[in-house]
Amino acid sequence: MAIISPSILSADFVNLERDIHMCRAAGAPWVHVDVMDGHFVPNITIGIPVVAALRKVTDLVLDVHLMIERPIRYVEQFCASGADYLTIHLESDTAENIHKALSAIRAKGVKAGLSIKPGTPVEALEPYLKECDLILIMTVEPGFGGQSFMADMMPKLIWLREKLSSVNPSCLLEVDGGVDLNTAPICKDAGADVLVSGSAFFKARDKAAFVAEIQK
Ligand code: DX5
Ligand code: ZN
């Protein structure tokens, strides 16, 4: 069974509390929070105060995806704000700082995630596999919701599942970008555990049916 993590990038920000409760009512166990800084990606979204505010109103797993430069500067604050999973990008800093940031996240008792953009080869993740609780494979160019799913990223999941089986079998594989009822089965067949869905989830008329179908 897969886990759905609805991305609140497609929520109504004026009614964020209502929409978070809607995710829960639909049966989603996680919620995905996209943090963008206007440098690592060409868009700016939300940050630490919003994660802290969400933490106060929900017991859903807060799956925080940092698309920011040099995340090591902020990981402690995001951990303190109540993130359950905190994912950083491999491309966002030096190798030394990526190792340090993953270790800092785990030291706070938070699950550490590492993500790669579509153009980054999956082999680049190899030195970090033991230090991660989650690997996030982007299936769109990070920055915006509503883009088309890149099925050619699926070999990355297959490669990771094979590698992780010996070095870190409990590490979760997450897919983010363009996931809907048509593309979710492709992700699950390739070994994904967690499926982020923004626009498709928030557009679905029957959200409980959408969640049930994706989590099959
Ligand atoms: C893109 C974000 C995604 C986005 C997914 O940079 O990381 O989480 O919200 O949105 P959809 O599901 O619409 O592609
Ligand atoms: Zn995301």
Side-chain angles (χ1 to χ4, degrees), residues 2-13 16 19-20 22-23 26 28-48 50-51 54 60-69 71 74-75 78 83-92 105 110-120 132-154 156-157 172-188 192-205 207 210-211 213-215:
I3 294 168
I4 185 169
S5 190
S7 168
I8 59 160
L9 193 58
S10 297
D12 176 358
F13 281 1
L16 212 40
D19 281 7
I20 288 283
M22 193 169 68
C23 293
W30 288 30
V31 67
H32 185 84
V33 183
D34 286 308
V35 177
M36 306 186 190
D37 67 352
H39 291 277
F40 184 71
V41 289
N43 194 7
I44 299 177
T45 54
I46 55 179
I48 295 155
V50 175
V51 175
L54 292 173
L60 292 178
V61 172
L62 284 182
D63 170 30
V64 179
H65 178 193
L66 298 186
M67 286 159 274
I68 67 176
E69 291 285 355
Y74 297 104
V75 292
F78 276 102
D84 293 298
Y85 281 80
L86 189 59
T87 296
I88 61 172
H89 265 268
L90 179 63
E91 307 88 350
S92 66
I105 295 167
V110 173
K111 305 279 191 196
L114 189 58
S115 182
I116 52 171
K117 295 184 188 184
T120 301
C132 296
D133 301 292
L134 177 148
I135 303 280
L136 169 52
I137 295 300
M138 291 304 302
T139 41
V140 297
E141 211 50 65
F144 301 92
Q147 304 180 72
S148 298
F149 178 78
M150 298 165 79
D152 53 342
M153 295 299 120
M154 295 301 100
K156 292 183 175 180
L157 293 179
L172 297 175
L173 293 182
E174 183 176 48
V175 172
D176 184 7
V179 177
D180 58 21
L181 292 181
N182 295 318
T183 57
I186 302 170
C187 302
K188 289 187 278 186
D193 303 295
V194 186
L195 305 177
V196 176
S197 182
S199 45
F201 172 84
F202 280 97
K203 272 188 207 148
R205 285 225 182 104
K207 293 188 169 48
F210 184 93
V211 168
E213 180 67 25
I214 283 214
Q215 294 206 136

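Heavy atoms only: backbone and side chains are in, while hydrogens, waters and symmetry mates are out. Start at 1 and go down the list; that is how both ligands and their atoms are numbered. As the structure is a computational prediction, the values presented were derived from the model and not from experiment.
For the Zn ion (ligand 2), the set of protein N/O/S atoms nearer than 2.8 Å consists of His32 NE2, Asp34 OD1, His65 ND1, Asp176 OD2, ordered by chain and number.
Under the 3.5 Å distance criterion, with hydrogens and angles disregarded, a donor-acceptor pair is assigned to the side chains of Ser5 and Asp63.
Within the 3.5 Å criterion, the main-chain N or O of Asp176 finds a donor-acceptor partner in the side chain of Thr139. Side chain of Lys207 to backbone of Phe202: a donor-acceptor contact under 3.5 angstrom is found. With Lys117 contributing its side chain and His89 its backbone, the two residues share no donor-acceptor pair below 3.5 Å. Side-chain atoms of Gln215 come within 3.5 Å of backbone N or O of Ile4 as a donor-acceptor pair.
Distance CD1/Ile88 to CG/Leu136: 11.5 Å, rounded to 0.5 Å.
At a heavy-atom cutoff of 4.0 Å, ligand 1 is surrounded by Ser7, Leu9, His32, Asp34, Met36, His65, Met67, Met138, Pro142, Gly143, Phe144, Gly145, Gly146, Asp176, Gly177, Gly178, Val196, Ser197, Gly198, Ser199.
Annotation: cation-pi pair Lys203/Phe210 absent, no NZ/CZ under 6.0 Å from the ring centroid and within 45° of its normal.
Within a 6.0 Å radius of CZ in Phe40, other residues, nucleotides and ligands contribute more than 12 heavy atoms. At most 12 non-hydrogen atoms from other residues, nucleotides or ligands lie less than 6.0 angstrom from NZ of Lys111.
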